[in-house]
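Accompanying notes for the structure given below.
Here is how names work: the chains are called A, B, and so on, in the same order as the sequence lines, proteins then strands, and each is numbered from 1.
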Amino acid sequence: MPELPEVETVRRRLLTCLPGLLLRDVVVNDPKVSDLCEAELRATLTGRRVTGLRRRGKYLLVDLGPTEAPAAEPTGPAAGRYAGLAVAVIHLRMTGQLVFRPEPGERPARFVWRLEPGTELYFQDVRRFGRLWAFEPAAEDDFFAARGMGPEPFGPEFTLAYLRGALAGRRAPLKAFLLDQRRIAGVGNIYADEALFRARLHPLRAAGSVGPREAQRLHAALLETLQAGIDHEGSSIESFIDPAGERGSFQEILSVYQRTGEPCRACGTTVERTVVGGRGTHYCPRCQPRRGGMAPGSRRRLGSVAPPRSAKPADWEAPGR
DNA sequence: AGTGGCTCCTGGCGGC
DNA sequence: TGCCGCCAGGAGCCAC
């Protein structure tokens, strides 16, 4: 399922071929993909050239230049065209894929972008959770503000001090905290589980019980785990493929996610599964002990539970020391 | 305000 | 073999 590393992988791949192309037409096969109807999307987006690709959390943003060609269907009441620039925002949600060539036999794309010269970008999305928005650049801040988007993990705002402040006083489990896009943008189920493993923190620990050194481990683990995901071009679990149809490889080095019943790669203990906030949650009960955190009398030296060294994959490390 | 639960949606899977 | 019911999960929405 596309999280920050998967969306970043899509962005980077599209960056090699989309900018400069003219968006000639938008075809909507599934009206539920957008609050805007096909005519509105055409009026807003077509006749413009792709000028850039950005990412905000798990959202992919396609920047479009000023109109320079007639819209595909410039009639009707919906044809109020912006004079200036436009932004298309895409969220892949669970199964969304942007591909240049649909697989033979695949159901019709939820929407298609016809580009010049001679390219078509298909939005395939089996579970139909993905969404498309379109607006003027001036509306972008409101769009994300309305969603209360938290800081980008790789941005300047996501400091250790920020994380400690965000954790403070929260009774919610760490896992739920990490999935909350208002706290940190872009972390989903896979990378939350993997980051908690790397930080040696139990997913059910109350966020507010995390101590300073633990917060430091979590901060580092989040950045390292997300970066590893980007370096491996995402996790191809379920259905993630990039626009060229390539699969990522991060799933091959997962430590705990969907490894229930298998031995922990660090200590050999059986990986367990529980449900937190309605989400399947995977962890190693030995590497991620459920300690009392700040509770009186429960203070132990952090690091006293360092997992024994054992065989581990070449390009992945045991949870941070 | 913060938190938990429900909803959307479909392919895949287990059980009978 | 075939059918039914359940599950996964991101994020918006609602209730407490």
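- Closest to the side chain of R127(A), out of dG4(B), dC9(B), dA11(C), is dC9(B).
- Rotation axes derived from the C1' atoms of the five outermost pairs at either end of the helix from dG2(B)-dC16(C) to dC16(B)-dG2(C) lie 50° apart, to the nearest 10°.
- Residues Y59(A) and R273(A) each lie close to DNA chain C; by heavy-atom proximity, the contact nearer the 5' end of the strand is made by R273(A).
- Atom NE2 in H282(A) sits 11.5 Å away from atom CD in Q288(A) (nearest 0.5 Å).
- Using a distance-only test at 3.5 Å, with no hydrogens or angles considered, a donor-acceptor pair links the side chain of R217(A) to the main chain of A199(A).
- Minimum atom distance to the side chain of R107(A) is reached by dG11(B), of the listed dT3(B), dA11(C), dG11(B).
- Going from atom CZ of R128(A) over to atom P of dC9(B) covers 6 Å, rounded to whole Å.
- The distance between atom CD of Q97(A) and atom P of dT10(B), rounded to the nearest whole Å, is 16 Å.
- For P173(A), whose side chain is taken as the heavy atoms from C-beta onward, the closest listed nucleotide among dA11(C), dG4(B), dG10(C) is dG4(B).
- Regarding contacts with the backbone of dG12(C), a side-chain N or O of R147(A) is found under 4.0 angstrom from either OP1 or OP2.
- For R279(A), taking side-chain heavy atoms from C-beta onward, the closest of the listed nucleotides dC9(B), dA11(C), dT3(B) is dA11(C).
- Within 4.0 Å (heavy atoms only), R182(A) reaches at least one base atom of the nucleic acid.
- Between the side chain of E3(A) and the main chain of Y191(A), a donor-acceptor pair closer than 3.5 Å is present.
- No donor-acceptor pair closer than 3.5 Å links the side chain of D25(A) to the backbone N or O of R114(A).
- Protein atom CE of M94(A) is 11 Å distant from nucleotide atom P of dA8(C), rounded to whole Å.
- Distances shown here put a side-chain N or O of R170(A) below 4.0 Å from the OP1 or OP2 atom of dG2(B).
- Taking every side-chain heavy atom of H91(A) into account, dG10(C) is the closest of dG4(B), dG10(C), dG9(C).
- Side-chain N/O atoms of Y191(A) include none lying less than 4.0 angstrom from OP1 or OP2 on dG10(C).
- For R279(A), there are no salt bridge (Lys or Arg N to Asp or Glu O under 4.0 Å) partners at least two apart in sequence or on another chain.
- Across T274(A), N189(A), D180(A), a single residue satisfies side-chain hydrogen bond (donor to acceptor under 3.5 Å, both in side chains) together with K175(A), and that is N189(A).
- With R205(A) contributing its side chain and S209(A) its backbone, the two residues share a donor-acceptor pair below 3.5 Å.
- A stacking contact between F129(A) and dG9(C) is absent: the pair does not combine a ring-centre distance of less than 5.5 Å to the base's six-membered ring with planes differing by less than 30°.
- Remark: C1' of dG10(C) and CG of L60(A) are 16 Å apart, rounded to the nearest angstrom.
- What separates CG of D193(A) from P of dG10(C) is a distance of 10 Å, to the nearest Å.
- The interatomic distance linking Q124(A) (CD) with dT10(B) (P) rounds to 14 Å, in whole Å.
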